[in-house]
Amino acid sequence: MGEWILGLYVFVLAMLVGFEVITKVPPTLHTPLMSGANAISGISLIGAILVTGSDGGQWATILGGIAVVLATVNVVGGFLVTDRMLRMFRRD
Amino acid sequence: MGEWILGLYVFVLAMLVGFEVITKVPPTLHTPLMSGANAISGISLIGAILVTGSDGGQWATILGGIAVVLATVNVVGGFLVTDRMLRMFRRD
Amino acid sequence: MPPYVMDLAYVLSAALFVFGLKKLGSPATARFGNALAASAMLIAVAVTLLDRSILTWGTLAGAMVLGALIGTVLARTVQMTSMPELVGVFNGFGGGASALVALAELFRVGVPGATGIAAGGSASIGVLVGAVTFSGSFIAFGKLRGFITGAPVVYPFQRTLNALLFVSILGATVWVALGNHDPTTLLILCGLSLLLGVLLVLPIGGADMPVVVSLLNSYSGLAASAAGFVLGNPILIIAGALVGAAGLILTNLMCRAMNRSLTNVAFGAFGGTGVAVAADAGDRTVRRTNAEEGAMLLAYASSVVIVPGYGLAVAQAQHEVKKLTDLLKARGVKVTFAIHPVAGRMPGHMNVLLAEADVPYDLLLDMDDVNPEFPRTDVAVVVGANDVVNPLAREENSAIAGMPILDVDRARSVIVIKRSLSPGFAGIDNPLFYNENSMMLFADAKEALSELAKEVKEL
Amino acid sequence: MPPYVMDLAYVLSAALFVFGLKKLGSPATARFGNALAASAMLIAVAVTLLDRSILTWGTLAGAMVLGALIGTVLARTVQMTSMPELVGVFNGFGGGASALVALAELFRVGVPGATGIAAGGSASIGVLVGAVTFSGSFIAFGKLRGFITGAPVVYPFQRTLNALLFVSILGATVWVALGNHDPTTLLILCGLSLLLGVLLVLPIGGADMPVVVSLLNSYSGLAASAAGFVLGNPILIIAGALVGAAGLILTNLMCRAMNRSLTNVAFGAFGGTGVAVAADAGDRTVRRTNAEEGAMLLAYASSVVIVPGYGLAVAQAQHEVKKLTDLLKARGVKVTFAIHPVAGRMPGHMNVLLAEADVPYDLLLDMDDVNPEFPRTDVAVVVGANDVVNPLAREENSAIAGMPILDVDRARSVIVIKRSLSPGFAGIDNPLFYNENSMMLFADAKEALSELAKEVKEL
Ligand SMILES: NC(=O)c1ccc[n+]([C@@H]2O[C@H](COP(=O)([O-])OP(=O)(O)OC[C@H]3O[C@@H](n4cnc5c(N)ncnc54)[C@H](OP(=O)(O)O)[C@@H]3O)[C@@H](O)[C@H]2O)c1
Ligand SMILES: NC(=O)c1ccc[n+]([C@@H]2O[C@H](COP(=O)([O-])OP(=O)(O)OC[C@H]3O[C@@H](n4cnc5c(N)ncnc54)[C@H](OP(=O)(O)O)[C@@H]3O)[C@@H](O)[C@H]2O)c1
């Protein structure tokens, strides 16, 4: 079994989990959920860190550095803004 | 990343899928569901085939051969009996 | 076939298992789900046979044909009422197979596949869990069949012995995991695990066996997963983990339907089937009736609700009840069945039983739907049911307090068909029998029902 | 730290992402879910920083601090009404990062990690999907902000051009996948993908942008997954796939709440916000009212339902509506809000807006709960809503046929606050305005509401 095919298993299973986990979400939560999921997709930050940190030549560092900035904005901003939205849905 | 750790990912994700997939099952279906899941757990047949077929010495063949018999009973019998049960839940 | 086609076929099989399991959980799609799971298995087996360098075709083919034959015969011939036993047996086989695979791999290559401790660990866990499943399932089978006493088995020094066993198994598992797999150690691990399976299930009451089988089912999934780790085969890991998780959820659902917790089942609450507390009739009297009077009551009623229970299954009276139903319907009587979720000795027991006799699915009403109907029901016929209609459940300090029951005592009149006043599974008396509007028809369910049918026909 | 601790930390992080996403989907636990997902991210980042042999700490630290700063400032300062834009921007950044990671890896090692075509393929897919997400998100941003016309952009040879673009991208992707990653090819692939993103989003109406952002969100997950394949990093694969799947489901849910299909959104149905079909008043007349009369009506009503819409958001009148509510409540009037699922321009728009003004969550009623109340309502106040209260939706061949609406026309009287008779998003006339029991209060929502409040206070 190659590493690649195991990756494919992981991908397929994660997709299935993703499909199952989100079922009935009330419209009120659509925007926060979208925003939270969006912050999770900033996971490419990990990739960006690996690429930048590994010292693979000028290009890799430059592209990786930009990627780190973009992904960090996505992650930090995404989670914060989601929390800000959700804080508003309070009950009296 | 070792193959082992990827296996762990696969395991954890599959467990999560398993938990999500079964939620509210009416009591009527408990027995067929149990029986169907039981047939799936006969998947060790694949392992038994690999062990028996690979010609790894007398012991492996004997143990493997018994395993193949047991697992095949589980798989074939399990799916058939589940179907037999489910065929009975018909609507007039 | 190029290797990546194989790999993709395995991935497809994994996805089909998931969909199959999902569909199995809902009534309308359950049969389709079972077919999906079966095709997933077929794909996985076919790919394995085609792809891997199979050397010893002879043994393999023989073993598979033999297994398929046994499986088919068992599946086709078994009585519907023996389903839980059969599932238990199959389950034991699956667990046994996983244990053997792990064992064979340990024999074959010492530490197989991947890195040391992880592989060794999963192999020894595979042997342990698989063997526990195997022996535990057969004790459950014995209890369900009645070979082994249904009552919880208790003996002196039980706790000390169990603790000792636990420690030794832990030791053996770690020892094997660390790379020591000479045959002696392996046999000791096997033996201890088999013993553990026996000792875990023996103390549990016979009627709780369906829950035990479901739990062992979850274990057999985990054992298959462990075997998957040993061989580095993802499809085993996935299918095993799916069953492991789904089985756990299902076990929980089953416990909840019986209004009990898993710990309560595992460590015994009210005894097993064998425990028959003498009926404490006191100074209360029951009203007896016979088939003739019963038939009159039924034939001239406008609505009848039949409440089947464990006794219907024991007497195998499903065809008789169907016949009586047809006769009454022909006379214009509205007949329905009230199905309690834990009537009988396995979930869905009554449904399976009545389906076997071709009682239309639509006539079977769930507890929540039928309870509001009882006050408007002329006659409720309780056939071999007891605990599920016991009004004591409404009292706070009874053994079955809190269990939801069928409110038959609210019907205009109640005919109870059973052989005596002896209690049911919970071993407690039933005040229903002494009610003003209750009549006892003491007889075997099969006989009573066919007599009733005969009398109705003659009216 | 031994390597397996790292590995286990990654596995833990993956599981936390799943739980976080699950919890995010239900109102009571959403905030906790977000926190879970954030801690999963923290764990993953910490493990990566600790474990991997990071060489160029300087650039890395600088870039992270910069990103965190920008993210924090944006998240804290943005107006609640600009949320969809902000999410769009963040999303674009995430997609861009994934594309850059794939690109950098291609630059760095030629074919990275695993075997040829698979790795090359995932890299080029990563670049493609990431770049589409990036440029598409910024067009969506522009449309939401109004930099770019909200109307669907149409130009000659649109189809031919798109087809050509598609073919060239397909060619470039395959070419790169096959192992050709000289800078020129990569730049061409990048450029074409960016163009594709622009051309895909441009033709979609401005008001559909929330759906587009959600779809692009799903893409950015897939891009992260692709980057994960490139680097052989399972946590990227998992988190990416989760978002990919969840985003798809969410997009579907959003479409369903608007009673449209995804194809319908993607290929334009009724135009964008800019399309203002002239109101065809014909010979019908409307009854006008003013703040004084309106205030009287409200103050002496016993029940008032306020129906907020897009105009409330445009006018930023959430605080004024809250003030009016408080004044009315002080006078003993029962005030509630009727929230249509697609009122405004993003799902939950009204909830977010009213929450910002501290309107208690309990006062907000869903469409299904409030509709039966209208016949018992004295005054319905429609504030900057139009399509969601348009009775034409009940007619079969109108542009919004079948869209469920709020039945304000069944209230005893209706006050409609908007600036003119011009139509809303769907661009169609609204017969509600000409009803007998409707009164139009032509004004900006903010002004009208504060005047009403002033008049109520003076009564
Ligand atoms: N469904 C499940 O999954 C499950 C699993 C485990 C435990 N349980 C437990 O099992 C019980 C089920 O309740 P239930 O009301 O169905 O059964 P029950 O309470 O066990 O009562 C069955 C009755 O049937 C009578 N009976 C036995 N053989 C008969 C025959 N040949 N003809 C006529 N009557 C016969 C017995 O009385 P006589 O001896 O007087 O005839 C007995 O009282 C519950 O306590 C439940 O918690 C259920
Ligand atoms: N929620 C979502 O997720 C979403 C997403 C995409 C599309 N949509 C669509 O958007 C529409 C939402 O319906 P809606 O009723 O909320 O809005 P609408 O139908 O678009 O109507 C908004 C009305 O507000 C008025 N308005 C604008 N600015 C104003 C101001 N400053 N003061 C007072 N009034 C003002 C406008 O009339 P005047 O110009 O006369 O003032 C306009 O008719 C639906 O068609 C829905 O399908 C919703």
Side-chain angles (χ1 to χ4, degrees), chain A residues 3-4 7 10-11 14-15 17-19 21-22 25 27-38 40-44 46-53 55-56 59-61 63-83 85-86 88-89 91-92, chain D residues 18 21-22 24-25 30-31 34 37-38 48 54-56 59-60 63-64 66-68 70-71 74-75 87 90-91 93-94 96-98 100-101 104 107-108 114 118 214 217 220-221 224 227 229 231 234 236-239 241-243 245-246 249 254 257 341 346-348 351 355 360-362:
Chain A
E3 194 171 283
W4 185 80
V10 168
F11 179 74
M15 286 285 279
V17 175
F19 280 127
V21 153
I22 304 296
V25 183
T28 326
L29 278 185
H30 286 175
T31 305
L33 180 57
M34 176 163 90
S35 155
N38 172 33
I40 295 179
S41 77
I43 188 74
S44 45
I46 307 292
I49 293 177
L50 291 177
V51 167
T52 315
D55 211 6
W59 272 110
T61 312
L63 293 179
I66 303 178
V68 170
V69 177
L70 295 183
T72 312
V73 172
N74 185 0
V75 167
V76 174
F79 284 122
L80 283 182
V81 93
T82 309
D83 191 62
M85 276 188 240
L86 290 170
M88 298 209 144
F89 295 110
R91 203 169 274 279
D92 233 21
Chain D
V18 172
L21 204 53
K22 191 178 163 72
L24 260 172
R31 236 190 124 191
N34 188 49
T48 311
I54 303 292
L55 301 174
T56 55
T59 327
L60 201 55
M64 288 185 71
L66 180 62
I70 301 178
L74 283 179
V87 175
F90 285 161
N91 199 30
F93 282 8
S98 298
L100 287 176
V101 169
F107 269 119
R108 196 168 69 92
S214 173
N217 185 19
S220 81
F229 273 101
L231 299 171
L236 259 79
I237 301 182
I238 294 176
L242 280 176
V243 175
I249 300 274
M254 285 169 73
M346 68 175 187
N351 303 67
Y361 194 64
D362 296 0

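Here the structure is a predicted model, which means the values were calculated and not measured. Quick note on labels: first sequence line is chain A, next is B, and so on, each numbered from 1.
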Colleague: Most heavy-atom pairs under 4.5 angstrom with chain A, which of Ala241(D), Ala246(D), Pro341(D)?
Modeller: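 Most heavy-atom pairs under 4.5 Å with chain A: Ala241(D).
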Colleague: How far does CG of Asn74(A) sit from CZ of Phe93(D), to the nearest 0.5 angstrom?
Modeller: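 Spacing of CG (Asn74(A)) from CZ (Phe93(D)) equals 9.0 Å.
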Colleague: Tell me which of these, Ala224(D), Gly96(D), Ala30(D), Gly221(D), has more heavy-atom pairs under 4.5 Å with chain A than the rest.
Modeller: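 Going by pairs under 4.5 Å, I would pick Ala30(D).
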Colleague: For chain D, find which of Val75(A), Ile22(A), Ile66(A) contributes the most heavy-atom pairs closer than 4.5 angstrom.
Modeller: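 The option with the most such pairs is Ile22(A).
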Colleague: How close do Ala239(D) and Ile40(A) get, counting heavy atoms only, and between which atoms?
Modeller: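 Answer, listing the atom of Ala239(D) first, then Ile40(A): CB-CG2, 4.0 Å.
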Colleague: I'd like to know which of Val243(D), Val87(D), Asn34(D) tops the heavy-atom pair count under 4.5 Å against chain A.
Modeller: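 Max contact count across the listed options: Asn34(D).
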Colleague: How far apart are the closest heavy atoms of Ser44(A) and Ala97(D), and which atoms are they?
Modeller: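 Answer, listing the atom of Ser44(A) first, then Ala97(D): OG-CB, 3.8 Å.
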Colleague: Among Gly64(A), Ser41(A), Ala48(A), which has the most heavy-atom pairs under 4.5 Å with chain D?
Modeller: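 The residue among Gly64(A), Ser41(A), Ala48(A) with the greatest pair count is Ser41(A).
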Colleague: How long is the straight-line distance from CG of Leu242(D) back to CZ of Phe11(A), given to the nearest 0.5 Å?
Modeller: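 So the gap between those two atoms works out to 10.5 Å.
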Colleague: Pick whichever of Ile46(A), Val21(A), Leu80(A) has the most heavy-atom pairs under 4.5 Å with chain D.
Modeller: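 Looking at each option in turn, the highest pair count goes to Ile46(A).
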Colleague: Check Arg31(D) against Leu86(A) and note the closest heavy-atom contact, atom names and distance.
Modeller: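 For Arg31(D) versus Leu86(A), the nearest heavy atoms are CG-CB, 3.6 Å.
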Colleague: Of all of Gly65(A), Gly42(A), Gly78(A), which one pairs up most often with chain D through heavy atoms under 4.5 Å apart?
Modeller: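 Option with the top pair count is Gly78(A).
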Colleague: Between Val17(A), Thr31(A), Asn38(A), which residue shows the highest count of heavy-atom pairs closer than 4.5 Å to chain D?
Modeller: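 Greatest number of close heavy-atom pairs with chain D: Asn38(A).
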Colleague: Name the member of Thr59(D), Leu66(D), Ile70(D), Leu21(D) that forms the most heavy-atom pairs with chain A at distances under 4.5 Å.
Modeller: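 Looking at each of Thr59(D), Leu66(D), Ile70(D), Leu21(D) in turn, Leu21(D) comes out on top.
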Colleague: Please round to the nearest 0.5 Å and tell me the distance separating atom CD1 of Ile238(D) and atom CD1 of Ile43(A).
Modeller: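 Reported to 0.5 Å precision, the distance equals 9.5 Å.
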Colleague: Could you tell me which portion of Ala227(D) (side chain, backbone, both or neither) has an atom closer than 4.5 angstrom to a non-hydrogen atom of chain A?
Modeller: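 Ala227(D) has no heavy atom closer than 4.5 Å to chain A.
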Colleague: To the nearest 0.5 angstrom, please state how far the CG atom of Leu33(A) sits from the CE atom of Met254(D).
Modeller: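 Result: 10.0 Å between the selected atoms.
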Colleague: State the CG-CE distance between Asn351(D) and Met85(A), to the nearest 0.5 angstrom.
Modeller: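 Rounded to the nearest 0.5 Å, the CG-CE separation comes to 12.0 Å.
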Colleague: Please give me the minimum heavy-atom distance between Ile49(A) and Met64(D), naming the atom from each residue.
Modeller: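 So the two residues come closest at CD1-SD, 4.2 Å.
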Colleague: Considering only heavy atoms and a distance below 4.5 Å, find which of Val10(A), Val68(A), Thr72(A) pairs most often with chain D.
Modeller: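 Counting heavy-atom pairs under 4.5 Å, the top option is Thr72(A).
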Colleague: Report which part of Ser214(D) has an atom under 4.5 Å of a heavy atom belonging to chain A: side chain, backbone, both, or neither.
Modeller: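 Both backbone and side chain.
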Colleague: Do you know which two heavy atoms are closest between Ala104(D) and Val51(A), and how far apart they sit?
Modeller: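 Ala104(D) and Val51(A) have their closest heavy atoms at CB-CG1, 3.4 Å.
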